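Note that the structure is predicted; figures quoted are calculated from it, not measured.
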Amino acid sequence: MQSKIIYINFGFDSKIMNIYLDNKIGLTIFAHKKGMILRALQKVIEGKLFKGKAIVILGPRQVGKTTLLNQLISAINKAYILLNCDDPEVRMSLSNANTKELELLIGNKKLVLIDEAQRIKNGGLTLKLIIDNFNDVQLIVTGSSALEIGNEINEPLTGRKYEYRLFPLSTKELIEDKGFLMARQILESRLIYGSYPNIVTNVGETKELLYNITDSYLFKDILSMENIHKPALLEKILTALALQIGQEVSFNEIAQLTGSDSKTVERYVELLEKTFVIFRLPALSRNMRNELKKSKKIYFFDNGIRNTIIRTFNPLNLRQDAGALWENFFVSEKVKSIHYQRTFSKLYFWRTTQQQKIDLIEEKDGIFDLFEIKWSKKRKVKFPASFLKNYNTENSNVVTPENYFEFL
């Protein structure tokens, strides 16, 4: 029997992937649906099933939490019930539920999945009842706000849960699903449009989808919490942060730019962190007097969200911020890698009053790996001798688009 070529369109516009089928040795065919990319967190969660604890999955809307729940349902292959708390009737049935009501709801199901659990009134107590009274049931819940999850769920589930975060698609997930060459080909697209699952798998609709995620979900969820009465101020603060990625951020400076005060800015930044829009990178300061101690950088979890906020989708060769986009991308990818691989490393940047600097530092067990993040591989890098002398450094790396995947 002759070998043959099969052409499969994976949804990347006109890019077609050729798969060579050798009938003599057989082939594993990509069988999942468009967009159903296997998430790294799935294997992590499967290793924690049926150990008497709830599994809490946090992440922004549209990042793939519901899809992950469906993939877990298929993998676990047990009788299940999936409850979406965006439905008012579901919320009502779970709010202040007693043990007898939960028995009727769960029945003989061994897997209980609750989507957007932060919307349940007194949800933590309901989840605690399930954990304490249904020993053979695995409870998995998702939430799109660490703030609301913290208020409603975390305290009642203390000692009764494993907690994970689901991020936009990671480099490793894309390489494992689409292959190394395809992952490299879409790097520029990820720097501009980001890595939300729908964005990666629906290239022709990227801008419309991004505006929908940002305006309909991100802003809607944030404004519904904490009694935010000034949406215009939130947008101004987000824009100021978006224009300063890769730079040290001053809340006083942002307050002046936005006509606010530093305490209000800090409150909004904390809210944006807890809704998984941004994250802080602290300065490392341990041994040297001239190290900056209280400085911080702020990055976006997703480049596409950042670019949507400033309404700029120009190609990289027409942009002044290509280096900043590259730095934001790599730092956010490093955060994903650490979380999914469960290495529990800590990330910092470093700078002195003499302007010596290191873009990114990863600390694990008191040992430091250093990263200078360069868009152009032609730029020469020399790591500060004072840092190398004072810290237990294992590796000093220059990260470029040609080698970044080696560190993820």
Q: Assess whether side chain to side chain donor-acceptor pair (under 3.5 Å) is satisfied between Gln341 and Thr343, documenting all intermediate values.
A: CA-CA 6 Å; Gln341 295 180 34; Thr343 61; 6.0 Å; no
**Q.** Value rounded to 0.5 Å, distance of CD in Glu235 from OG1 in Thr214
**A.** 10.5 Å
Q.
Tell me if the centroids of the rings in Tyr404 and Phe330 come within less than 6.0 Å of each other.
A. no
Q: Give the minimum heavy-atom separation between Ala117 and Cys85, together with the two atoms involved.
A: CA-SG, 4.2 Å
(Q) Side chains of Ser74 and Gln71: any donor to acceptor distance under 3.5 Å? (A) no
(Q) For the OG1 atom of Thr308 and the CG atom of Asn303, what is their distance to the nearest 0.5 Å? (A) 10.0 Å
Q. Between Lys78 and Phe50, is NZ or CZ placed under 6.0 angstrom from the six-membered ring centre and within 45° of the ring axis?
A. yes
Q.
For Lys100, is there an ion pair with Glu103 - N to carboxylate O distance below 4.0 angstrom?
A. yes
Q | Residues Val112, Gln138; criterion side-chain contact (heavy atoms from CB on, under 4.5 Å); working and verdict | A | CA-CA 6 Å; Val112 176; Gln138 176 61 61; over 6 Å; no
(Q) When you compare the side chains of Glu327 and Tyr299, does any donor N or O come within less than 3.5 Å of an acceptor on the partner? (A) yes
Q. Run the side-chain contact (heavy atoms from CB on, under 4.5 Å) check on Lys53 and Glu163 step by step: do they pass?
A. CA-CA 10 Å; Lys53 295 182 183 292; Glu163 185 173 298; over 6 Å; no
Q: Apply side-chain contact (heavy atoms from CB on, under 4.5 Å) to Asp132 and Arg160, showing your working.
A: CA-CA 9 Å; Asp132 291 347; Arg160 294 177 171 87; 3.0 Å; yes
Q: Assess the side chains of Thr67 and Asn70: does a donor N or O sit below 3.5 Å from an acceptor N or O?
A: no
Q. Could you state the interatomic distance from CG (Leu241) to OH (Tyr268), rounded to the nearest 0.5 Å?
A. 13.0 Å
Q) Are any side-chain N or O atoms of Ser260 and backbone N or O atoms of Thr264, one a donor and one an acceptor, separated by less than 3.5 Å? A) no
Q | Sidechain-backbone polar pair: Thr142 side chain, Glu116 backbone, donor-acceptor under 3.5 Å | A | yes
Q: Among Glu362, Lys334, His339, find the one that has a side-chain hydrogen bond (donor to acceptor under 3.5 Å, both in side chains) with Ser345.
A: Glu362
Q: Write down the atom of Lys65, the atom of Ser144, and the distance for their closest heavy-atom approach.
A: NZ-CB, 4.0 Å
Q. For the ring pair Tyr348 and Phe368, is the centre-to-centre distance below 6.0 Å?
A. no
Q: Assert yes or no for the condition that the ring centre distance of Tyr340 to Phe167 is strictly below 6.0 Å.
A: yes
